[in-house]
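In what follows, chains are A, B, ... by sequence order, proteins preceding strands, each numbered from 1.
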Amino acid sequence: MTQPFAIGGNILRVDLTKRAVTMEPTAALNAGFPAGMGVNNWLLLQETPLGKEPLDPDNPLIFTAGALVGTMAATACRMTISCKNVMTGGFGAASAGGNFAPELKYAGFDHIVVTGRATEPVYLDIVDGEVSIVDAEGLWGKTTWETEQALRARLDRPTLELLSIGPAGENMAAAACIIVSRTRSASRCGVGAAMGSKNLKAIAVSGSGTLQVAEPQAFMSESLAMQRYLMGVDTTKNLRNFGTGTSFEAWNSLGSIPVRNYQATQMAPDEADNIATAVKEKKYIDKGFGCFACPIMCSQYQRVKTGPHAGTRGEKIESQDYWDFAAKLGISDPAAVLALSGLCTQLGLDNTNATNPIAWALECFQRGLLTIEDTGGLELNWGDVAVVSELLSKIARREGIGDLLADGSLAGAKKLGRGSEAFAMHMKGQDLAEEMRVFKGWALAIAVAERGGTHTQGGPLTERMPLEPELSLERFGVPTAFDPTSYEHKAELVIYYQRFHNLLEIMGICFYATYWCGMQMMGPDETARLYSLATGEDKSGDELMAEGEKILYLQKAFKMRHTDFDRAADYPPERFMSEPATGPHAGERLERPDWDRLLDEYYGQRGWDLETGKPTAENFRAVGLPELA
Amino acid sequence: MGISTITPRHQRCGACNLCVLACSFHHEGSFGRRNASIDIIKDEREGEVEIVIFDEARDGRKPCDGCANEERPLCVQWCPVGALAIGRS
Ligand code: SF4
Ligand code: SF4
Ligand code: SF4
């Protein structure tokens, strides 16, 4: 797969130890690889040295704009940031929308590979082909919002896009994320800590170039038709109107949210109603904004005008914020959720990887495993907004109890001992974002995800869609895609979505515009048409799905090289096997024999070794990666 | 066909920049921000947007020519929320 069109053109390499900047054409690497995340994952695999800790300066941190980013393809705005996973030691990646990735391409770059560590904090300033490593004095210690504001004041240019880390990244908390365009977060896997480990505070980019596509008129017509089509679909209207927040009520009514550190799966009606009503009645929503080239505009700007959180304002509150703060921690005031989510953005904390260890600590306190002596005088009670706020600040700065939580619940539990490991809810060391007991395909995707504990690599939302078996067969070739609790054919379904998610990451297209969110949205074929017209390479949906598969093998190879994760690492936390769900699916849990069989099917579908859960040399050859066999 | 004047409705704008890309395409048949006659200035803090339409060349930008050669101005065609209207307010 080569991509002559729609590319920025170059890979930017920055060695912060040597303060050296070099560039090479992207085309040299594109040959034979899926673009975007494909090249990104290949570079990560080839250039991450063996046997180093995740935060070792020698490891690369790679920023990549998707293949269609910068064009008018609907929602093609996304950036993938990869590194050695700070929480698992395996493959790590995070993704964000916003405006940075297109601007990077207009500046002439598809990827930035950062290695080394600056002696003093710096930021990177990219103005087309001119790249400078600039002293970040005065920015270190600042929040992401303060950093953004200071850089905007300093760098006066016709267009300017920024990403930065906050105190959490500077202090290398594993829960640190990278904040893009002030409002978007590249979360999970500790990418913010990786950036902090390089003493890199921010990246600024301004690009005056343009992107060419292979068939301009046809691409424009196809893109406009796609946009108009998407605008008429209910899924789009719902996202435009409410953001992703409405799924909080839907998921709670299905009894599949992580209540009080996953001790239950459904919130009490009065607590849940507070949030559901605020979302439905748009109590705080001002208006929706779009990432670059996005007609959906799911990103709600919200403003709290009265009460204890008056003055809180900001964009991009997701359903995930409600699982993280409302469900996991018991905070039922929606205004408080907005305030805490905003605090995370400012501190540069990944909501999920910050709240999950807090939920663990709250449960440990509830059970007497953590005491007031351990917490420096803090009473860790469920639903206490002030305490959660203080804990977030302490995590970001590694102060007191914050230091125990900063590397995730598993690392915290290992330090604390006292049987607290049983309450650390993680996969492969990365904190979990969500409940796994009820939806079996969803659980499988999270358990086997190469990134560790994430639904964005194969999680099938179809299990929550009330649709017919015929459509399931037509789309996925299996009859059970819409069946919530069945194990049958879920391995095939997860494999489908693993490929599809990787395909979308190659393109830089937002998952929300696609089959992931609704069966009327874009699928592989629609994506392939846009890709073919943009690049001039004729690709079918199936061929692109095969590229998605190939990328999974790059991630797998990375994991095999850097960790000893095997089949045992693909089993969910014990709690999901022994403690049943509450709510409408009361009693539902993951039974070990069912899970054994599900894993056999999942590995078996691909012909992987059933004992180890690893691909064989033949598998690598079959997907076109003989060099990794 | 004909030369149009574009009136921005700032409050509707969701800052997606699709009009900017459409305008860039109109001028040069490619996609960028700095050759477009529109700039979208978003204030993330306040949740506000200003749509700037350039009627003279500036910073390498081309002035808006009202999409004289198009059936309908491209920016208007592409705006997903009707934040750009044809004609003077
Ligand atoms: S749907 Fe939402 S997250 Fe996706 S590109 Fe649009 S605004 Fe961004
Ligand atoms: S009318 Fe045409 S030239 Fe003027 S701003 Fe719109 S797209 Fe650009
Ligand atoms: S296309 Fe419309 S909504 Fe999008 S930036 Fe332009 S004016 Fe605003």
Side-chain angles (χ1 to χ4, degrees), chain A residues 5-6 70-75 77 98-99 102-103 105-106 128 145 148-149 157-159 161 181-184 206-213 216-217 219-220 223-224 227-228 230-231 236 240 286-303 313-316 534, chain B residues 9-54 56-62 67 69-84:
Chain A
F5 287 99
T71 74
M72 296 193 79
T75 77
C77 64
N99 291 5
E103 193 73 11
K105 284 175 88 166
Y106 302 148
D128 293 322
W145 288 0
E148 159 109 15
Q149 212 171 332
R157 292 181 201 141
T159 51
E161 297 302 336
S181 303
R182 194 183 158 100
T183 54
R184 270 60 171 169
S206 299
S208 66
T210 61
L211 302 183
Q212 308 278 340
V213 294
Q217 289 301 343
F219 177 76
M220 282 296 269
S223 300
L224 188 58
Q227 188 208 105
R228 298 241 159 105
L230 285 173
M231 302 294 293
T236 304
R240 161 85 63 84
D286 250 16
K287 68 186 275 197
F289 283 101
C291 297
F292 202 82
C294 172
I296 299 174
M297 303 186 184
C298 82
S299 181
Q300 305 296 337
Y301 183 85
Q302 312 213 27
R303 192 191 291 274
R313 57 204 170 145
E315 229 186 281
K316 204 96 189 81
Chain B
R9 297 166 175 160
H10 308 283
Q11 292 199 331
R12 284 198 185 186
C13 173
C16 67
N17 278 277
L18 281 163
C19 55
V20 172
L21 294 175
C23 186
S24 162
F25 188 83
H26 161 69
H27 289 306
E28 292 185 357
S30 57
F31 302 112
R33 286 168 94 179
R34 298 266 281 276
N35 60 349
S37 316
I38 311 182
D39 193 13
I40 299 297
I41 302 170
K42 181 178 171 193
D43 180 342
E44 282 92 357
R45 212 158 25 141
E46 299 298 333
E48 288 168 0
V49 192
E50 191 193 352
I51 305 167
V52 182
I53 299 178
F54 295 87
E56 52 193 57
R58 202 201 304 171
D59 297 331
R61 291 176 191 279
K62 300 204 163 52
C67 273
N69 60 331
E70 307 280 354
E71 199 74 48
R72 272 182 89 211
L74 288 196
C75 56
V76 176
Q77 279 192 51
W78 275 86
C79 178
V81 292
L84 298 168

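When heavy atoms are compared at a cutoff of 4.5 Å, B/Arg45 approaches chain A by way of both its backbone and its side chain. Only the side chain of A/Met297 has a heavy atom closer than 4.5 Å to any heavy atom of chain B. Of the two parts of A/Tyr301, only the side chain, counted from C-beta on, holds a non-hydrogen atom closer than 4.5 Å to a non-hydrogen atom of chain B. Proximity to chain B involves both the backbone and the side chain of A/Ser223, based on heavy atoms less than 4.5 angstrom apart. Looking at A/Gln302, there are no atoms closer than 4.5 Å to chain B (heavy atoms on both sides), in backbone or side chain. B/Val49 touches chain A through its side chain: at least one heavy atom from C-beta onward sits under 4.5 Å away, while N, CA, C and O do not. Looking at A/Thr183, only its side chain comes within 4.5 Å of chain B, counting heavy atoms on both sides. Only the backbone of B/Gln11 comes within contact range of chain A, with heavy atoms under 4.5 Å apart.
Distance check, rounded to the nearest 0.5 Å: CG of B/Asp43 to CZ of A/Arg182 gives 7.5 Å. Put simply, CG on A/Leu211 and CZ on B/Phe31 are 8.5 Å apart, with the number rounded to the nearest 0.5 Å. Between atom OH of residue A/Tyr106 and atom CZ of residue B/Arg34 there is a gap of 12.0 Å, rounded to the nearest 0.5 Å. Rounded to the nearest 0.5 Å, atoms CD (A/Gln227) and CH2 (B/Trp78) are 5.5 Å apart. Rounding to the nearest 0.5 angstrom, the gap separating the CZ atom in A/Arg157 from the CG atom in B/Asp59 is 13.0 Å. In this structure, the separation between CE on A/Met72 and SG on B/Cys16 is 8.0 Å, given to the nearest 0.5 Å.
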Next on the checklist: Quick one, A/Arg228 with B/Gln77, criterion side chain to side chain contact (heavy atoms under 4.5 Å, CB included). Give me CA distance, side-chain angles, the key distance, then yes/no.
Outcome noted: CA-CA 10 Å; A/Arg228 298 241 159 105; B/Gln77 279 192 51; 4.0 Å; yes

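For A/Lys287 (side chain) and B/Cys13 (main-chain N/O), a donor-acceptor pair under 3.5 Å exists by modelled atom type. Panel note: side chain A/Arg303, backbone B/Glu46; a donor-acceptor pair is recorded below 3.5 Å.
A/Phe292 is listed as a side-chain neighbour of B/Arg33, based on a closest heavy-atom distance under 4.5 Å. Between B/Leu18 and A/Pro295 the shortest side-chain heavy-atom distance falls below 4.5 Å.
The residue among A/Met220, A/Glu315, A/Met231, A/Arg313 with the most heavy atom pairs within less than 4.5 Å of chain B is A/Met220. Put simply, of A/Thr159, A/Thr75, A/Asn99, the one with the most heavy-atom pairs under 4.5 Å next to chain B is A/Thr159. Comparing A/Pro102, A/Gly207, A/Ser181 by how many heavy-atom pairs each has under 4.5 Å with chain B, the most go to A/Gly207.
Remark: B/Arg58 CZ is loosely packed, at most 12 non-hydrogen atoms of other residues, nucleotides or ligands lying under 6.0 Å away.
A/Arg184 has no carboxylate O lying under 4.0 Å from a charged side-chain N of B/Glu44, or vice versa, which leaves the two without a salt bridge.
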